[in-house]
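Reviewing the structure listed below.
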Amino acid sequence: MALGHFNDSLGAIMSGRTLRHSVSQFLSAFPQPVRPDPIPTASAYIDLRQSTDLTSMLGVQVMRDLLQIIFSPVALLAEAEGGKIYDMHGDGALVAFRGDNRVDRAFATAMMVQRSIVADFQPGLASATCGQIKLRFRIGIDDGPMCSGIVTDLSGPARTFWVGGNIGNKISQAMEPSMGIAVSQRAFDLLSPEIREKNIWSDPVEILIGGESLLIRTCPQP
């Protein structure tokens with residue numbers, strides 16, 4: 001594509017035209033792969049707390065090895081519940097669940113991660129860091145439409161990205177020092193009555209994510 005055409009299309013986005021029309025015009029200059037429609041998805045963002053402190057203490061190579069050891073069982077636990085790790089950002093993993101009982105399965109995975117991974121790795125990590133760091137996760141769960149896109153360039157293979165699954169990440173970040181599991185109200189409403197009644201939940205708390213007011217409930221770390 002000529003540079004002038006690129007600049008003209010980009011300029012259209014920055015002009016006073018409607019954003020939707022401008023983006024469509026901009027994208028029309030590129031060959032577009034088939035993009036699947038959004039699919040209802042329960043997303044769980046599993047975030048390792050204090051990873052920056054751990055990296056400073058252990059070094060990047062040891063931290064890399066630790067993350068590999070920790071998140072491999074996470075992937076297996078998710079797979080056992082019909083989920084899949086769709087994306088990873090260093091110390092966090094986006095796990096997606098689709099189909100029937102998807103929020104139940106996302107929550108079950110979150111509970112298993114909290115219980116088994118912490119129990120398996122906490123003692124060794126505490127001794128290695130003189131007890132200064134506790135291996136804990138904060139997990140945010142949401143439900144909503146999710147779809148993938150593809151970014152291509154001239155130097156390598158296409159790269160897949162996901163839209164709609166990042167709310168779980170924002171929910172986990174909003175928990176601040178909490179180490180439990182936070183569930184958006186819309187995901188909470190899809191949980192089975194058995195799970196809602198079996199666990200202890202906070203009252204709904206309102207948080208602001210991307211300009212949207214969102215209610216979340218937290219369940220303490222098991």
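Leu215 and Phe188 fall into different hydrophobic clusters, defined by Ile, Leu, Val, Met, Phe, Trp and Tyr side-chain heavy atoms under 4.5 Å apart, directly or through other members. The same ILVMFWY cluster, assembled from side-chain heavy atoms under 4.5 Å apart, contains both Val163 and Val151. Hydrophobic clustering (side-chain heavy atoms under 4.5 Å, transitive across Ile, Leu, Val, Met, Phe, Trp, Tyr) groups Ile139 together with Val103. Note on Leu67 and Tyr45: separate hydrophobic clusters, where clusters join Ile, Leu, Val, Met, Phe, Trp and Tyr whose side-chain heavy atoms are under 4.5 Å apart, directly or indirectly.
Within 6.0 Å of CG on Leu76 lie more than 12 heavy atoms contributed by other residues, nucleotides or ligands.
A 4.5 Å side-chain heavy-atom check between Met111 and Asn199 finds at least one atom pair inside the cut-off. Within the 4.5 Å cutoff, no side-chain heavy atoms of Ile85 are placed close to those of Glu79. Counting heavy atoms from C-beta on, the side chains of Val74 and Ile46 come closer than 4.5 Å. Put simply, the side chain of Thr55 does not reach to within 4.5 Å of the side chain of Asp53, judged on heavy atoms. Here the side chains of Gln185 and Leu214 are not in contact, with every heavy-atom distance at 4.5 Å or above. In this structure the side chain of Val95 never reaches within 4.5 angstrom of the side chain of Tyr86, judged on heavy atoms. Lys84 is not listed as a side-chain neighbour of Leu94, based on a closest heavy-atom distance of 4.5 Å or more. Using a 4.5 Å heavy-atom cutoff, the side chains of Trp201 and Leu191 are in contact.
The two residues Ile141 and Ala187 have their closest heavy-atom pair at O-CB, 4.2 Å.
Atom CD1 of Ile70 and atom CG of Leu48 lie 5.5 Å apart (nearest 0.5 Å). Atom CZ of Phe71 and atom CG of Leu66 lie 9.5 Å apart (nearest 0.5 Å). Atom OG1 of residue Thr52 and atom CG of residue Asp91 lie 7.0 Å apart, to the nearest 0.5 angstrom. Once rounded to the nearest 0.5 Å, the distance linking CE of Met112 with CG of Leu77 reads 5.0 Å. Atom OG of Ser51 and atom CG of Leu58 lie 11.0 Å apart (nearest 0.5 Å). Atoms CG and CG, on Asp104 and Leu190 in that order, are 9.0 Å from each other to the nearest 0.5 Å.
Of the possible donor and acceptor atoms, one in the side chain of Ser202 sits under 3.5 Å from a partner among the backbone N and O of Thr218. Under the 3.5 Å distance criterion, the side-chain polar atoms of Arg217 are left unmatched by any main-chain donor or acceptor of Ala182. No side-chain donor-acceptor contact under 3.5 Å links Trp162 to the backbone of Cys147. Side-chain atoms of Arg105 come within 3.5 Å of backbone atoms of Arg98 as a donor-acceptor pair (strictly under, hydrogens ignored). At distances below 3.5 Å, not a single donor-acceptor pair connects side-chain atoms of Thr109 with backbone N or O atoms of Phe107.
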*asked:* Ser43 vs Asp142, test: side chain to side chain donor-acceptor pair (under 3.5 Å). Steps then yes/no.
replied: CA-CA 5 Å; Ser43 56; Asp142 186 39; 5.0 Å; no
Check your understanding: Are Ile167 and Ser184 close enough, and set up right, to give a side-chain contact (heavy atoms from CB on, under 4.5 Å), and what steps lead you there?
Key -> CA-CA 9 Å; Ile167 299 297; Ser184 68; 5.7 Å; no
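With no hydrogens or angles considered, a side-chain donor-acceptor pair links Ser213 and Glu206 at under 3.5 Å. For Asp65 and Gln61, the side-chain atoms include no donor-acceptor pair closer than 3.5 Å. In this structure, a donor-acceptor pair under 3.5 Å is absent between the side chains of Thr160 and Ser148.
Looking at Asp47 and Arg138, a side-chain N of the basic residue comes within less than 4.0 Å of a carboxylate O on the acidic one, giving a salt bridge.
Under the 6.0 Å distance and 45° angle rule, Arg102 does not count as a cation-pi partner of Phe97.
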